[in-house]
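Written out below as C-alpha cells is the structure these notes cover.
The first residue in the sequence is number 1, and the count goes up from there.
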Amino acid sequence: MKRYPPNQSQLYKVTSPADLARRLEVELCDLEELANRYDNYKRFDAGKTKKRPVQEPKDRLKKIHQKIARWLSRIETPDYLHSAIRGRSYITNASAHRADVDLIKVDIKSFFNNVRTHSVYLFFLHYMKCRADVSMLLAKILTVDGHLATGSSVSPILSYFAHKPMFDEIAQLSNELDLTFTVYVDDMCLSGEQAVRRTLFNVRQIIHRHGLSSHKCRYFPAGVPRVVTGNALTPKGTRLPHPRHLKIKKAFEELECLSAGPAREKAVNALKSRLYEAAQLEPVWAERARSLANSEALKQ
C-alpha cells in the first residue's frame, strides 16, 4: 500500500463541511446528523473476567470511520510506530527489541478514553490544516462521549496522530540516549544501555505533561525475561509466552468435551486461528493447526 506525506492525504486542507462530505461521498445533512446523534453506537461490555465498555459505531457511521481509518493509515509515520500500519504488528513491535539489553515498558492508562475530542480537533486543525469548522465536525464524527470509541477501526491510528507530539518527544529522548523505541497503540518500549529507571521516570514525565497518565511501568535489566506486546523475548529470539501456551492447551482440552455440531465447529475455527497466530512466532504451530483440520475432516 502506497504511503504519502500529510499534504497528499484526502483529509488535508479540507476547506468546508461541504468539501468534507464530497470527499467522504456522503450528503452533508447526513454527515451533520451523524455528528450530533447520541445513538450512533452500539454499547456493550467485553471481556470474560475484566469487563470493559465498548462503543462500536453503527453501520452508517462505521463506513465513515473505516474510510477515514484507511486514509490516515496511508499517511507516512515514523519507524517507531507498529500499530495500525500494514506490514507491522505486535510481533514486529516485539522483534525490534532483544533479551540481552536493558528494557523499559510503559503503557498509557485508558488511552482511547483519554484521547479527547479536543485533541482530535487540534490534530485536524494544526497537522492536517483543515478549517476550524471542518476540524470540529471531524472530531465530533470520530469521538463518542468526548473521547475515541473503543470499538472503532479508526481509533488505533487516530490515537497516535492525536498525540503525535508526545510520541515524537519520547522518540527524540530515545534518539538522544541511543535507544530503540517502539509504540504499539498505548504500549511503549525503549531498550538499550540507557533504558534505566531514570529514563523511565523522564518518559512518564513527558506523558504527564501531555495530559495523560502512565501505568504498567516496568524496568528489565539485561538478560531478565520480558514479554513485549504478548511475545516473549529470549536469547534465541521472539517466542510464544507461557500464558499463550496454556490457552492453547486449555482450548484443546475444551474441544475434547464438545460433540459434533456448531459449537464444536466454532471452537475448532477459533483454535486454528490461535495456532496460526502462534505460528508467526514458532512455525511448529502451523503443523498442529493442519493436523487439527485434518482430524476434524476425517470425523465428518
Side-chain angles (χ1 to χ4, degrees), residues 3 6 9 11-12 35 40-41 43 46-47 52-57 61-62 64-90 92-94 105-128 130 135-172 174 181-190 203-204 206-217 228-230:
R3 304 182 72 204
S9 171
L11 292 167
Y12 189 74
N40 284 325
Y41 293 83
R43 299 166 185 269
R52 61 181 183 87
V54 176
Q55 310 90 31
E56 180 184 332
L61 186 59
K62 180 184 286 189
I64 293 173
H65 280 211
Q66 289 171 338
K67 180 171 287 189
I68 292 176
R70 288 196 299 271
W71 289 348
L72 290 177
S73 66
R74 289 173 183 167
I75 296 174
E76 292 172 347
T77 51
D79 289 340
Y80 64 71
L81 184 66
H82 287 259
S83 51
I85 301 297
R86 183 172 292 185
R88 297 195 161 199
S89 67
Y90 67 96
T92 62
N93 181 80
K105 289 173 54 177
V106 56
D107 281 13
I108 300 172
K109 189 174 183 179
S110 304
F111 191 28
F112 288 180
N113 287 338
N114 285 298
V115 178
R116 311 302 297 178
T117 302
H118 185 65
S119 298
V120 177
Y121 164 76
L122 292 178
F123 160 66
F124 285 109
L125 181 69
H126 296 309
Y127 191 75
M128 299 305 291
C130 292
S135 300
M136 181 51 69
L137 182 56
L138 280 163
K140 290 172 69 176
I141 287 169
L142 298 173
T143 60
V144 58
D145 303 334
H147 59 78
L148 291 184
T150 55
S152 169
S153 60
V154 77
S155 294
I157 187 65
L158 188 52
S159 65
Y160 162 73
F161 279 120
H163 282 283
K164 187 177 188 299
M166 177 192 70
F167 291 118
D168 285 348
E169 188 175 343
I170 297 171
Q172 182 178 347
S174 176
F181 172 53
T182 63
V183 174
Y184 189 81
V185 190
D186 61 346
D187 187 320
M188 288 176 277
C189 289
L190 299 90
V203 170
R204 297 189 70 183
I206 293 172
I207 294 169
H208 179 74
R209 195 161 60 247
H210 284 267
L212 298 169
S213 299
S214 58
H215 73 151
K216 298 182 180 178
C217 304
V228 173
T229 50

Exercise. Does the side chain of Pro156 reach to within under 4.5 Å of the side chain of Phe112, using non-hydrogen atoms?
Worked result: yes

Exercise. Taking atom CZ of Arg116 and atom CG of Asp145, what is their separation to the nearest 0.5 Å?
Worked result: 8.5 Å

Seminar exercise, completed: Output for pair (His210 NE2, Lys164 NZ), nearest 0.5 Å, gives 12.0 Å

Exercise. Closest approach of Ala149 and Ser155, non-hydrogen atoms and distance?
Worked result: O-OG, 2.5 Å

For this session: Determine whether His147 and Gln55 make a side-chain contact, defined as any pair of heavy atoms from C-beta on separated by less than 4.5 Å.
Result: yes

For this session: For the pair Arg70 and Ile157, evaluate side-chain contact (heavy atoms from CB on, under 4.5 Å) and give the outcome as yes or no after the intermediate values.
Result: CA-CA 9 Å; Arg70 288 196 299 271; Ile157 187 65; over 6 Å; no

Exercise. Is it true that atom NE2 of His208 has more than 12 heavy atoms of other residues, nucleotides or ligands lying nearer than 6.0 Å?
Worked result: no

Exercise. Which is it for Leu158 and Val115 under the side-chain contact (heavy atoms from CB on, under 4.5 Å) test, yes or no, and what are the steps along the way?
Worked result: CA-CA 9 Å; Leu158 188 52; Val115 178; 5.9 Å; no

Exercise. Can you name the closest pair of heavy atoms from Met128 and Pro6 and give their distance?
Worked result: CE-O, 4.0 Å

Problem set entry | Within-4.5 Å side-chain heavy-atom neighbours: Arg88 and Asp79 | yes

Seminar exercise, completed: In short, Ala139 meets Val120 closest at the heavy-atom pair CA-CG1, 3.8 Å

Exercise. If you take all heavy atoms of Ser73 and Ile85, which pair is closest and at what distance?
Worked result: O-CD1, 4.2 Å

Exercise. Between atom CG of Leu138 and atom CG of Leu125, what is the distance when rounded to the nearest 0.5 Å?
Worked result: 11.0 Å

Exercise. Heavy atoms, side chains only, cut-off 4.5 Å: are Ile108 and Asn114 in contact?
Worked result: no

Problem set entry | Ile207 side, atom CD1; Arg209 side, atom CZ - distance, nearest 0.5 Å | 10.5 Å

Exercise. So do Asn40 and Val144 actually touch side chain to side chain, heavy atoms under 4.5 Å?
Worked result: no

Exercise. Do Asn93 and Thr229 have a side chain donor and acceptor closer than 3.5 Å?
Worked result: yes

Problem set entry | Heavy-atom side-chain proximity of Lys216 to Asp187 below 4.5 angstrom | no

Exercise. Could you state the interatomic distance from CE (Met188) to OG1 (Thr182), rounded to the nearest 0.5 Å?
Worked result: 10.0 Å

Problem set entry | Arg52 side chain to Gly47 backbone, donor-acceptor under 3.5 Å | no

Exercise. Ser159 and Val185: which non-hydrogen atoms are nearest, and at how many Å?
Worked result: OG-CG1, 4.5 Å

Exercise. Looking at Thr150 and Pro53, what are the two nearest heavy atoms and their distance?
Worked result: OG1-O, 3.1 Å

Problem set entry | Worked verdict on Leu212 versus Phe111 for side-chain contact (heavy atoms from CB on, under 4.5 Å) | CA-CA 8 Å; Leu212 298 169; Phe111 191 28; 3.9 Å; yes

Exercise. In Å, rounded to the nearest 0.5 Å, how long is the span from CZ of Phe124 to OH of Tyr12?
Worked result: 14.0 Å

Exercise. Would you say the side-chain atoms of Thr92 and His82 include a donor-acceptor pair closer than 3.5 Å?
Worked result: yes

Seminar exercise, completed: The single option from Tyr160, Tyr184, Phe161, Phe181 that satisfies ring pair (Phe, Tyr, Trp, His ring centres under 6.0 Å) with Phe167 is Tyr160

Exercise. After noting the C-alpha distance and the side-chain angles of Leu142 and His65, does the key distance pass the side-chain contact (heavy atoms from CB on, under 4.5 Å) rule?
Worked result: CA-CA 7 Å; Leu142 298 173; His65 280 211; 3.7 Å; yes

Exercise. Does Lys62 reach the side chain of Glu56, with side-chain heavy atoms less than 4.5 Å apart?
Worked result: yes

